[in-house]
Amino acid sequence: MPDTPAAPAALATPRSRVRVPLRFHDGYQVDAELVTFHGLADGQEHVAVVLGEPGPVPLVRLHSECLTGDVFGSARCDCGPQLREAVERIADRGGVLLYLRQEGRGIGLYNKLDAYALQDEGLDTYEANAALGLPEDARDYTAAAQMLKALGFDELDLLSNNPDKADQLRTLGVDVRDRVPTGVFTTAHNVRYLRAKVLQTQHTLPLAALTELSAG
């Protein structure tokens, strides 16, 4: 998380809206509305993916961009399966997925791949960032709060295992009524990564099971 607490977000406004049919590799299909914005605090091209019929308290996920997981299906993280799961769960209930341009927890793609090389030498995902002189998690969710308010969402249920996301949104003036956990998507290559998220940043994942898998 950022070193200093975020201040209440300034106003942003919708820039454009376009309907896009989504198709996933397993055959799941759903229509979505993609929304872009003016006035986002960090100047990045974040996108809101509106799914289903959002009610007064929509289901929302803040999904940080992951080229390796979302596009190429990397088994070193759980990002691709989380994205796929989130789209269907949000579409069923009604809500929005914010696709945030925060590759590598905010350190960028090249730095993330450098961190992967250090993980291959035995460091965990957070230790690798620190060894590169980078924050463990550089993500700031000010723009996410701006997007939600621009869409008219002041109260929501957050689909996330990460308590920092809920804490930052509340600081930014968004009422997070409940934090709803995602599924647990383990592979032989990501167990140490998931276990580190529990130990270092208190993600709500089953530590005992992950420890057993890691030792196996």
Side-chain angles (χ1 to χ4, degrees), residues 1-20 22 32-52 54 56-71 77 79-80 82-83 86-87 89-91 94-112 129 134-180 182 197 201 203:
M1 65 182 294
D3 293 334
T4 56
L11 292 178
T13 56
R15 172 184 173 275
S16 66
R17 297 173 181 264
V18 60
R19 300 294 300 182
V20 176
L22 306 183
E33 181 182 51
L34 272 57
V35 186
T36 63
F37 299 86
H38 290 298
L40 296 180
D42 58 9
Q44 297 295 314
E45 293 186 335
H46 307 300
V47 176
V49 183
V50 182
L51 296 154
V57 184
L59 184 62
V60 171
R61 174 160 177 78
L62 313 186
H63 187 89
S64 297
E65 176 183 44
C66 178
L67 177 70
T68 51
D70 297 342
V71 178
C77 65
C79 302
Q82 281 190 330
L83 177 63
V87 168
R89 289 178 66 175
I90 294 170
V96 60
L97 182 143
L98 302 187
Y99 197 80
L100 304 173
R101 312 305 296 273
Q102 300 173 329
E103 184 79 48
R105 297 195 303 273
I107 65 173
L109 177 61
Y110 280 16
N111 285 328
K112 182 177 84 169
N129 281 23
L134 299 168
E136 291 184 349
D137 191 336
R139 291 174 293 183
D140 180 293
Y141 299 109
T142 300
Q146 290 178 299
M147 296 163 76
L148 292 167
K149 291 180 180 181
L151 293 170
F153 301 143
D154 293 313
E155 183 182 14
L156 56 88
D157 288 340
L158 185 65
L159 182 61
S160 178
N161 299 322
N162 185 353
D164 182 50
K165 291 182 178 180
D167 291 343
Q168 284 201 45
L169 286 180
R170 290 181 177 123
T171 299
L172 290 158
V174 177
D175 183 5
V176 179
R177 185 181 69 173
D178 190 22
R179 185 162 59 86
V180 182
T182 74
K197 292 206 292 186
T201 49
H203 281 57

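The structure displayed is predicted, hence computed values, not measured ones.
Heavy-atom minimum distance, Leu100 versus Met147: CD2-SD, 4.0 Å. Heavy atoms only, all atoms of each residue included: Ala32 and Leu51 are closest at CB-CD2, 3.6 Å. Here the closest heavy-atom approach between residue Ala166 and residue Arg179 is recorded as CB-CD, 4.2 Å. Looking at every heavy atom in both residues, Gly95 comes nearest to Pro58 through CA-CB, 3.7 Å. When all heavy atoms of Leu98 and Ala144 are compared, the closest pair comes out as CD1-O, 3.6 Å. When every heavy atom of Ala48 is checked against every heavy atom of Val96, the shortest pair comes out as CB-CG2, 3.8 Å.
Looking at Arg61 and Gln82, their side chains do bring a donor and an acceptor atom within 3.5 Å of each other. For the residue pair Thr142 and Asp140, a side-chain donor N or O sits within less than 3.5 Å of a side-chain acceptor on the partner.
Expressed to the nearest 0.5 Å, how far CG of Leu83 lies from OG1 of Thr182 amounts to 11.5 Å. The line from SG of Cys66 to CD of Glu103 is 5.5 Å long, rounded to the nearest 0.5 Å. In this structure, CD on Gln102 lies 12.5 Å from CD1 on Ile107, to the nearest 0.5 angstrom. Annotation: the span from Leu109 atom CG to Glu65 atom CD amounts to 8.5 Å, rounded to 0.5 Å. One distance of note links CD1 of Ile90 with CG of Leu97; it measures 4.5 Å at 0.5 Å rounding. To the nearest 0.5 Å, the span separating CG on Leu59 from CZ on Arg177 amounts to 10.0 Å.
In terms of the salt bridge (Lys or Arg N to Asp or Glu O under 4.0 Å) criterion, Lys165 has no residue partners (sequence neighbours excluded). Arg17 meets the salt bridge (Lys or Arg N to Asp or Glu O under 4.0 Å) test with Glu33; sequence neighbours excluded. Asp154 is linked by a salt bridge (Lys or Arg N to Asp or Glu O under 4.0 Å) to nothing, counting only residues two or more places apart in sequence or in another chain. In this structure Glu155 satisfies the salt bridge (Lys or Arg N to Asp or Glu O under 4.0 Å) test with no other residue, sequence neighbours excluded. Residues passing the ring pair (Phe, Tyr, Trp, His ring centres under 6.0 Å) test with Tyr99, sequence neighbours excluded: His63.
Pairs passing the salt bridge (charged side-chain N to carboxylate O under 4.0 Å, His left out) check and including a residue from residues 35-48, sequence neighbours excluded, do not occur.
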Next item on the list: Show the numbers, then the answer: is there a side chain to side chain contact (heavy atoms under 4.5 Å, CB included) between Tyr141 and Asp167?
Entry: CA-CA 10 Å; Tyr141 299 109; Asp167 291 343; over 6 Å; no
Check: Would Asp157 and Leu159 satisfy side chain to side chain contact (heavy atoms under 4.5 Å, CB included), going step by step from the backbone distance to the final call?
Finding: CA-CA 7 Å; Asp157 288 340; Leu159 182 61; over 6 Å; no
Note to self: Checking Asn162 against Leu62 for the side chain to side chain contact (heavy atoms under 4.5 Å, CB included) test, could you report, in this order, the C-alpha distance in whole Å, the side-chain angles of both residues, the deciding distance, and whether it holds?
What the structure shows: CA-CA 10 Å; Asn162 185 353; Leu62 313 186; over 6 Å; no
Item checked: Stepwise side chain to side chain contact (heavy atoms under 4.5 Å, CB included) test for Val49 and Val87 -> CA-CA 9 Å; Val49 183; Val87 168; 5.7 Å; no
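Between the Thr36 side chain and the Ser16 main chain, a donor and an acceptor come within less than 3.5 Å of each other. No donor-acceptor distance shorter than 3.5 angstrom exists from the side chain of Arg105 to the backbone of Arg139, with no hydrogens or angles considered. Side-chain N or O atoms of Asn129 include one that pairs as donor or acceptor with a backbone N or O of Pro135 at under 3.5 Å.
Within a 6.0 Å radius of CZ in Arg170, other residues, nucleotides and ligands contribute more than 12 heavy atoms.
Leu11 places none of its side-chain heavy atoms less than 4.5 Å from the side chain of Lys149. Here the side chains of Leu148 and Leu169 are in contact, with some heavy-atom distance below 4.5 Å.
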